[in-house]
Participant: 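Got a structure for you, written out below as structure tokens; questions coming shortly.
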Amino acid sequence: MIPESFIQELRFHVDMEQLVSSYVRLQRRGRVSVGLCPFHNEKTPSFTVYPDNQSFYCFGCGAGGDAITFVRRAENLDYPEAVRFLADRAGLRVPDEEGDDEGARMKLRVLECNRAAARFYYDTLVSPAGARGLQYLRARALSDAVIRRFGLGYAPAGWNALTDRLHALGFTEEEMLAARVAAPSKKDGRAYDLFRDRVIFPIIDLRGGVIGFGGRVLEGDGPKYLNSPDTPVFKKSRNLFALNRAKASKQEGLLLAEGYMDVLALHQAGFDNAVATLGTSLTAEQTQLISRYAREVTIAYDSDGAGQKATRRAIGLFEQAGVRVRVLKMEGAKDPDEYIKKFGAGRFKLLLQSCANATEFEIGRLRQSYDLETADGKVAFLNEFAVLMASIRNPIERDVYVKKTAAELAVSPEAVLQMVASNLKKRRGGEARKQQRDLHMYVGAGARGKQNPERERNLKYALAEERLIAMLLQNPDYYSHIAAQIGPEQFVTALNREIFSRLCERLRAGRSIELFSLSGVLNDEEMSLVSGLLAASPSARHSREEADDCIQVLKSHENEKSSGEVAAMDEEQLKRYFQKIVSAKK
């Protein structure tokens, strides 16, 4: 058996698009890539790769899964061989079975090492050796209370201050290197401090564990900010700075800033719902994480060109995650930290209350792109404006923006609405084709029916089962709520029952149910089914109420008996059956 800890490590080294590109010619289409399926003959591309969850699904033949499943199909390999194939590509060695306990032990030691490093950095900051770091933080107007609350620290300028301390505490060089608080010397391979002469920002996960660090250089060479590389306990694209504190805020939604100092300044000013990405652009994984804690996010990126470009990209990601977006427009300052210092927390609060929604932000961006004093500029603006309006589903909202903009530009609102209608027609045609494809996948007798032969004659129940499975895959935190009401034995179709049972087993044991983890416990047919469910609604936002509805549908099956089954009941069974029917009707 291949250790699960290694499977998790391998996942970080495999990129689905790169892997598939060595077999299939892919073309980018928005957030996905498409190509001709390598598993069946086709002339129109129906094979789709989803970078956000590192999966693939073919809408033609129903093949789907993760990178391991793809290699198994493409190279005709069994599971261990496929893992070794991917490991070889990534330059990794597959450990033996005994490595599972070793991997778990190493994760624990990495967390302990990080905690010890964070304590060392803080102790150094508040000692004479940390005077430079403390002076910098105070020059940035941070209070001692905020410094303590976030556990800020200072890494001395020497090469071995931290590694010497960790050695004294019993940590090995292997553990320090795994935690990436140290790096190996090119000269002799010995570990030296990764962070040197930097102010340190500990990165803390939702359970309170120190999983990584950010370091701000004070002077000299090197990047301005240095962030921990990915480790067995940390992946930048899946975490957010200060979410451990912001999730408990009583303020509405979350406030997304660009960097550590912005977040610290915001928290100090009373805006304790602020978070930031970790030295990378916002990722789909981070927007999904945010969606678990907030229905609305206010983007407070820098006011420069790069910040505005990042804002536009973030809006698209949040829309896919089902999170409402507002955009902060700062004038007279480049970021929240500078704005609060210049104008104060009170004025920043007023700014928050008046900030634009995503649509207003996009209209403002379009206005800045064209000279609206000229006829050509107006026409070009209105062409793009009509496309934007066609993307708005609420007709009243669309009508308000059209009439307001038409009045401002002194053009006929009817003419603008006609342009919008033309774009709506094109958009609806595309949506209709997509809905038809999804309908075929869900209800038709195609790939889904082949995977689950019981589906067609139990369609109502199979759909409820599939929806519950999709909810668990996208919202593992719903497990307790669902498991308290229904078990696998109440599923009607055998295939869905088996998949649901496997998911529950892993969640009960505290294990991951990401596709990359499931490919070792589900066969190709089962992997295709769950991948198809994710492909049908890659960014769906499910509620617990939806789960309750599906559960009620499945429970209703218990009350359905054929006339023959009723006739065969004895008096006591018949009595219980009628009581159950009456109870269900109530």
Participant: Is it true that the side chains of Y260 and N227 contain a donor and an acceptor less than 3.5 Å apart?
Facilitator: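 N227 and Y260 do have a side-chain donor-acceptor pair below 3.5 Å.
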Participant: Please list all pairs passing the side-chain hydrogen bond (donor to acceptor under 3.5 Å, both in side chains) test where one or both residues lie in residues 115-125, with sequence neighbours left out.
Facilitator: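 Passing the test, one end in residues 115-125: R119-D123.
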Participant: Report yes if the side chains of H40 and S46 come closer than 4.5 Å at any heavy-atom pair, otherwise no.
Facilitator: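 Heavy-atom side-chain distance check passes, below 4.5 Å.
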Participant: Measure the CG-CG distance between L518 and N523 for me, rounded to the nearest 0.5 Å.
Facilitator: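 So the gap between those two atoms works out to 12.0 Å.
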Participant: Mind listing the closest non-hydrogen atom pair of K224 and R216 along with its distance?
Facilitator: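 For K224 and R216, the tightest heavy-atom pair comes out as CE-NH2, 3.1 Å.
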Participant: Tell me every residue that passes side-chain contact (heavy atoms from CB on, under 4.5 Å) with I211, counting only those two or more places apart in sequence or in another chain.
Facilitator: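 side-chain contact (heavy atoms from CB on, under 4.5 Å) check on I211 returns L111, I203, D205, V233, F234, N239.
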Participant: Find out whether I2 and P80 are in side-chain contact, i.e. whether some heavy atom of one side chain is under 4.5 Å from a heavy atom of the other.
Facilitator: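 Yes, their side chains come closer than 4.5 Å.
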Participant: Of all the heavy-atom pairs spanning L125 and L152, show the shortest one and how long it is.
Facilitator: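 That closest heavy-atom pairing would be CD2-O, 3.4 Å.
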Participant: Can D197 and Y154 be counted as having a side-chain donor-acceptor contact under 3.5 angstrom?
Facilitator: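 Short answer, yes.
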Participant: Mind checking the CG-CZ spacing from D524 to R72? Nearest 0.5 Å is all I need.
Facilitator: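 Here the rounded value is 4.5 Å.
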Participant: Side-chain contact, heavy-atom cut-off 4.5 Å: L522 with L529?
Facilitator: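 Side-chain contact under 4.5 Å: no.
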Participant: For the pair D337 (side chain) and A265 (backbone), establish whether a donor and an acceptor sit closer than 3.5 Å, ignoring hydrogens and angles.
Facilitator: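 Looks like no, no N/O pair under 3.5 Å.
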Participant: Short question: side chain of E258, backbone of D302 - any donor-acceptor pair under 3.5 Å?
Facilitator: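 Side chain of E258 to backbone of D302: a pair is present.
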Participant: Can you say whether the rings of Y225 and F201 are parallel (under 30°), tilted (30 to 60°) or perpendicular (over 60°)?
Facilitator: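 Tilted: the ring planes of Y225 and F201 meet at 30° to 60°.
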Participant: So, do F59 and E42 sit near enough that their side-chain heavy atoms are less than 4.5 Å apart?
Facilitator: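 F59 does not reach E42 side chain to side chain.
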Participant: To the nearest 0.5 Å, tell me how far L177 CG sits from Y192 OH.
Facilitator: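 Separation between the atoms: 10.0 Å.
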Participant: For the backbone of S5 and the side chain of Q8, can you confirm whether one donor and one acceptor N or O come within less than 3.5 Å of each other?
Facilitator: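 Absent.
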Participant: Mind listing the closest non-hydrogen atom pair of R196 and L194 along with its distance?
Facilitator: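 Scanning both residues, the minimum pair turns out to be NH1-O, 3.5 Å.
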Participant: Less than 4.5 Å apart, side chain to side chain, heavy atoms only: is that true for F500 and Q490?
Facilitator: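 No. Closest side-chain heavy atoms not under 4.5 Å.
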Participant: Let's go through E505 and V521 carefully: what are the C-alpha distance in whole Å and the side-chain angles of both, what is the deciding distance for side chain to side chain contact (heavy atoms under 4.5 Å, CB included) to 0.1 Å, and is it a yes or a no?
Facilitator: CA-CA 11 Å; E505 285 175 10; V521 296; over 6 Å; no
Participant: Does one side chain, of Q286 or T277, offer a donor that lies under 3.5 Å from an acceptor on the other?
Facilitator: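 No - no donor-acceptor pair under 3.5 Å links their side chains.
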Participant: When rounded to the nearest 0.5 angstrom, what distance separates CD1 in I315 from OG1 in T287?
Facilitator: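 OG1 of T287 is found 13.0 Å from CD1 of I315.
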Participant: About how many Å separate CG of L473 and CG of L468, when rounded to the nearest 0.5 Å?
Facilitator: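 One finds 11.0 Å between CG of L468 and CG of L473.
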Participant: For V181 versus A117, what's the shortest heavy-atom pair and its separation?
Facilitator: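 Answer, listing the atom of V181 first, then A117: CG1-CB, 4.2 Å.
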Participant: For side chain to side chain contact (heavy atoms under 4.5 Å, CB included), just list the numbers for R238 and L289, CA-CA rounded to whole Å, side-chain angles, deciding distance to a tenth of an Å, and then say yes or no.
Facilitator: CA-CA 8 Å; R238 297 186 177 186; L289 179 61; over 6 Å; no
Participant: I'd like to know if the side chain of R28 and the backbone of G30 have a donor-acceptor N/O pair within less than 3.5 Å.
Facilitator: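 Yes: the side chain of R28 pairs with the backbone of G30.
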Participant: Any sub-3.5 Å donor-acceptor pair from R497's side-chain atoms to F491's backbone N or O?
Facilitator: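 Answer holds: yes.
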Participant: Does atom CZ of R25 have more than 12 heavy-atom neighbours from other groups under 6.0 Å away?
Facilitator: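 No, not enclosed.
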Participant: For a salt bridge (charged side-chain N to carboxylate O under 4.0 Å, His left out) check, start with the C-alpha distance between E514 and K235, then their side-chain angles and the critical distance, and finish with the verdict.
Facilitator: CA-CA 15 Å; E514 291 182 323; K235 188 169 176 64; over 6 Å; no
Participant: Tell me, yes or no, whether the heavy-atom count around R313 atom CZ, taken from other residues, nucleotides or ligands under 6.0 Å, exceeds 12.
Facilitator: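 Enclosed.
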Participant: Checking C550 against M471 for the side chain to side chain contact (heavy atoms under 4.5 Å, CB included) test, could you report, in this order, the C-alpha distance in whole Å, the side-chain angles of both residues, the deciding distance, and whether it holds?
Facilitator: CA-CA 10 Å; C550 294; M471 285 182 201; 4.1 Å; yes
Participant: Do F47 and C61 pass the side chain to side chain contact (heavy atoms under 4.5 Å, CB included) test, and can you show the C-alpha distance, the side-chain angles, and the key distance before you say yes or no?
Facilitator: CA-CA 9 Å; F47 182 88; C61 68; over 6 Å; no
Participant: For a quick test of reading the model, state the closest non-hydrogen atom pair linking A274 to H267 and the distance between them.
Facilitator: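 Scanning both residues, the minimum pair turns out to be O-NE2, 2.9 Å.
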Participant: Is there a donor-acceptor pair closer than 3.5 Å between any side-chain N or O of T48 and the backbone N or O of V34?
Facilitator: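 No; zero donor-acceptor contacts below 3.5 Å.
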Participant: In this structure, which one of R109, K107, R180 forms a salt bridge (charged side-chain N to carboxylate O under 4.0 Å, His left out) with E175?
Facilitator: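 Of the listed residues R109, K107, R180, the salt bridge (charged side-chain N to carboxylate O under 4.0 Å, His left out) partner of E175 is R109.
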Participant: For the CD atom on E174, are there more than 12 heavy atoms of other groups (residues, nucleotides or ligands in this structure) within a distance under 6.0 Å?
Facilitator: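 Result for CD/E174: open.
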Participant: Going by heavy atoms in the side chains, are P232 and E9 under 4.5 Å from each other?
Facilitator: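 No, too far: nothing below the 4.5 Å cut-off.
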Participant: Using 0.5 Å steps for rounding, measure from the OG1 atom of T163 to the CZ atom of R165.
Facilitator: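 One finds 11.5 Å between OG1 of T163 and CZ of R165.
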Participant: Assess whether atom CD of E489 is packed by more than 12 heavy atoms of other residues, nucleotides or ligands within 6.0 Å.
Facilitator: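 Yes, because the 6.0 Å sphere around CD of E489 holds more than 12 heavy atoms from other groups.
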Participant: Could you check if a side-chain atom of Q54 sits within less than 4.5 angstrom of a side-chain atom of D15, using non-hydrogen atoms only?
Facilitator: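 A side-chain contact under 4.5 Å exists here.
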Participant: Below 4.5 Å, heavy atoms only, C-beta onward: do I68 and V83 meet side chain to side chain?
Facilitator: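 Result yes, sub-4.5 Å side-chain heavy-atom pair found.
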Participant: Just by distance, with hydrogens left out, do T283 and S237 show a side-chain donor and acceptor under 3.5 Å apart?
Facilitator: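 Per modelled atom types, T283 and S237 side chains form no pair under 3.5 Å.
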Participant: If you draw the axis of the six-membered ring of F39, does the NZ or CZ of R73 fall within 45° of it and under 6.0 Å from the ring centre?
Facilitator: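 Yes, R73 lies over the aromatic ring of F39.
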Participant: Tell me which pairs pass salt bridge (Lys or Arg N to Asp or Glu O under 4.0 Å) where either residue lies in residues 29-39, with sequence neighbours left out.
Facilitator: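 For residues 29-39, and leaving out neighbouring residues, the salt bridge (Lys or Arg N to Asp or Glu O under 4.0 Å) pairs sorted by first residue read R31-D52.
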Participant: Considering the options F85, F56, Y57, which one meets the ring-ring contact (aromatic ring centres under 6.0 Å, His included) requirement together with F70?
Facilitator: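 For F70, the ring-ring contact (aromatic ring centres under 6.0 Å, His included) test succeeds with only one of F85, F56, Y57, which is F56.
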Participant: Any side-chain to backbone donor/acceptor pair from N273 onto S249? Under 3.5 Å, distance only.
Facilitator: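 Pair absent, no side-chain N/O of N273 close to backbone of S249.
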Participant: E219 and Y136: side-chain donor and acceptor closer than 3.5 Å?
Facilitator: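 There is no such pair (donor and acceptor under 3.5 Å, judged by atom type) between the side chains of E219 and Y136.
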Participant: Minimum heavy-atom separation for G64 and S528, please, with both atom names.
Facilitator: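 Residues G64 and S528, closest heavy atoms: N-OG, 3.1 Å.
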Participant: Taking the six-membered ring of F150 (Phe, Tyr or Trp), confirm whether the NZ or CZ of R245 is under 6.0 Å from its centre and within 45° of its axis.
Facilitator: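 Yes, R245 lies over the aromatic ring of F150.
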